[in-house]
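Quick note on labels: first sequence line is chain A, next is B, and so on, each numbered from 1. Every value quoted in this text rests on a predicted model; they were computed, and no experiment measured them.
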Protein chains: 2
Amino acid sequence: MLKIVILGFLSYRPQTGYELKQNIDHSTKYFWSAKQSQIYRTLKQLEKNGLLVSTIEPQEDRPDRRVYTITEAGMKEFTEWLEKPIMDAQYLRDSLLVKVFFSAYSEKEDILTQLRLQHSLAHTEYIRLSEELKQGLTENQANLPDSPLFNNTFLLWENVRQFGEMYYEMVQKWLEQTIQSIEENYIEEKME
Amino acid sequence: MLKIVILGFLSYRPQTGYELKQNIDHSTKYFWSAKQSQIYRTLKQLEKNGLLVSTIEPQEDRPDRRVYTITEAGMKEFTEWLEKPIMDAQYLRDSLLVKVFFSAYSEKEDILTQLRLQHSLAHTEYIRLSEELKQGLTENQANLPDSPLFNNTFLLWENVRQFGEMYYEMVQKWLEQTIQSIEENYIEEKME
DNA sequence: TATAACATGTAACTAGTTACATGATTGG
DNA sequence: CCAATCATGTAACTAGTTACATGTTATA
């Protein structure tokens, strides 16, 4: 999947691993994140398979940049993935839910503290992401030419942004009602 | 993380790999899923590290069962994980959002078909999971003794179930509004 | 007669995380 | 002077997926 994300960003314009990391952190991060080391490794692999080519741009006062460009084969791989429908339901992978699920061994106040912490983390994270998404959008606005492709891109990005907004709102609401439910009904008692 | 899920289920009662797979599929699946092969591999590893022990129960008309029991060290590892707060925000990993994000290269009808398909998949999946969760709850109700621990467990499971419900409702709402937004605003035009 | 449920596992591959490693420039 | 930004990468480890492999019994 990271391959697709990388091919997707490179379909807009050639970029370095460093720039790809910024792009991911400012836009796809909340639904597909990646570590720097994995980005570089995947770039190398994609180049080996002929989906990308790289050239080194020497710089005087900074380290040289390795700029990756998507090839025709890469573009083909990418559009073929786009055309192939996703046939299965998406599942979450959320360690907080695992923790709540098994927390009957924990004390009431510890669970509540954990839930309140996540409430505050999610809030901070949402503010940060909204700003970075806006920033990412305007940055890319400067780099993409005005066209139907451009207009459609922004329409889709706005819808994806809304998913993030709705998701964070839902999570906050769930945290609030769960905190209340535990405050009212969790039986406080040393179990071991 | 799968380690924790396995230790958690084994903290209730000894179980085989096969039973663990059923348990996961009927309860934690939508927030932490695992394939059969990975469950067996993780069990082996946990036993090697002394967190579990296994005994073979011979059966006459069926293959023998390898029943895993959590050790004191395993219980310690598990409760230590429970006590350690999760300090970072949770991110999604959703290939549908990746697809929508990059779909400006696709034709209007193809995107709409994909979104409508996901709407129907999520619906079916939600119905299935609700039933399996109910089933999983009653099964475990039969196996856990009635106590404060038991009552707290069911309170927490009900809250986790509600997360699933709210999540699926949110996704459906987002799919509907996104379909509408694309129907109304996506510019239909051959781009290449 | 076919398939679902019971039951266990391995092999090969793909993906992701953590930690290490280097080094210049700019701004506070 | 310290932290941030720019810039690239490797090594070791951990986790997850796909496919292969075997075999019985009950039920529809």
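In this structure, B:E19 atom CD and C:dT8 atom C1' are separated by 13 Å, rounded to whole Å. B:I4 places its CD1 atom 15 Å from the P atom of D:dT14, with the value rounded to the nearest Å. B:I6 has its CD1 atom 12 Å from the C1' atom of D:dA15, to the nearest Å. Rounded to an integer number of Å, the gap from A:W32 CH2 to C:dG16 C1' is 10 Å. For the pair B:I39 CD1 and D:dT17 P, the interatomic distance rounds to 11 Å; values are reported in whole Å. Nucleotide D:dT17 holds its P atom 15 Å from the CE atom of A:M1, rounded to whole Å. The NZ-C1' distance, from A:K21 to D:dC6, rounds to 15 Å in whole Å. Put simply, CG on B:L92 is 15 Å from P on C:dG16, counting in whole angstrom units.
At least one side-chain nitrogen or oxygen of B:R93 sits closer than 4.0 Å to the OP1 or OP2 atom of C:dG16. Neither OP1 nor OP2 of D:dT8 sits under 4.0 Å from any side-chain N or O of A:R66. Contact between the side-chain N/O atoms of A:K3 and the OP1/OP2 oxygens of C:dT14 is not found at any separation under 4.0 Å. Proximity of A:Q38 to the phosphate of C:dG16: a side-chain N or O atom is located under 4.0 Å from OP1 or OP2.
Among residues two or more places apart in sequence or in another chain, the salt bridge (Lys or Arg N to Asp or Glu O under 4.0 Å) test is passed with A:D25 by A:K21. Checked against side-chain contact (heavy atoms from CB on, under 4.5 Å), B:E19 has the following partners two or more places apart in sequence or in another chain: B:R13, B:Q15, B:T16, B:R65. With sequence neighbours excluded, no residue forms a salt bridge (Lys or Arg N to Asp or Glu O under 4.0 Å) with A:E83. Scanning for side-chain contact (heavy atoms from CB on, under 4.5 Å) contacts around B:E176 gives B:H119, B:Q172, with sequence neighbours left out. Residues passing the side-chain contact (heavy atoms from CB on, under 4.5 Å) test with B:S181 are A:L155, A:N159, B:N185, sequence neighbours excluded. Scored by the salt bridge (Lys or Arg N to Asp or Glu O under 4.0 Å) test, A:K76 finds A:E80 as partners (sequence neighbours excluded). Every side-chain contact (heavy atoms from CB on, under 4.5 Å) that A:K108 has, sequence neighbours left out, goes to A:L112, A:I182, A:Y186, A:E188. B:R128 is linked by a salt bridge (Lys or Arg N to Asp or Glu O under 4.0 Å) to B:E125, B:E132, counting only residues two or more places apart in sequence or in another chain.
The cationic atom of A:K3 (NZ for Lys, CZ for Arg) does not lie both less than 6.0 Å from the six-membered ring centre of A:W81 and within 45° of the ring axis.
Aromatic ring pairs are classed by plane angle as parallel below 30°, tilted from 30° to 60° and perpendicular above 60°; the pair A:Y168 and A:Y126 is tilted.
Each end of the helix from C:dT1-D:dA28 to C:dG28-D:dC1 gets its own axis from five base pairs, and the two axes differ in direction by 50°, given to 10 degrees.
Shown for residues 40-50 of chain B: residues whose heavy atoms fall under 4.0 angstrom of DNA chain C, namely B:Y40, B:K44.
Identified under the side chain to side chain donor-acceptor pair (under 3.5 Å) test for residues 39-48 of chain A, with sequence neighbours left out: A:E47-A:S54.
The side chain of A:Y18 lies closest to D:dC6 when the candidates are C:dG16, C:dT8, D:dC6. Of the candidates D:dT8, C:dG9, D:dT17, the closest approach to any side-chain atom of B:Y68 belongs to C:dG9.
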Can you name the atoms? Protein N/O to nucleotides 19-22 of chain C N/O, anything below 3.5 Å, with the distance.
none

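B:E169 has no carboxylate O lying under 4.0 Å from a charged side-chain N of B:K173, or vice versa, which leaves the two without a salt bridge.
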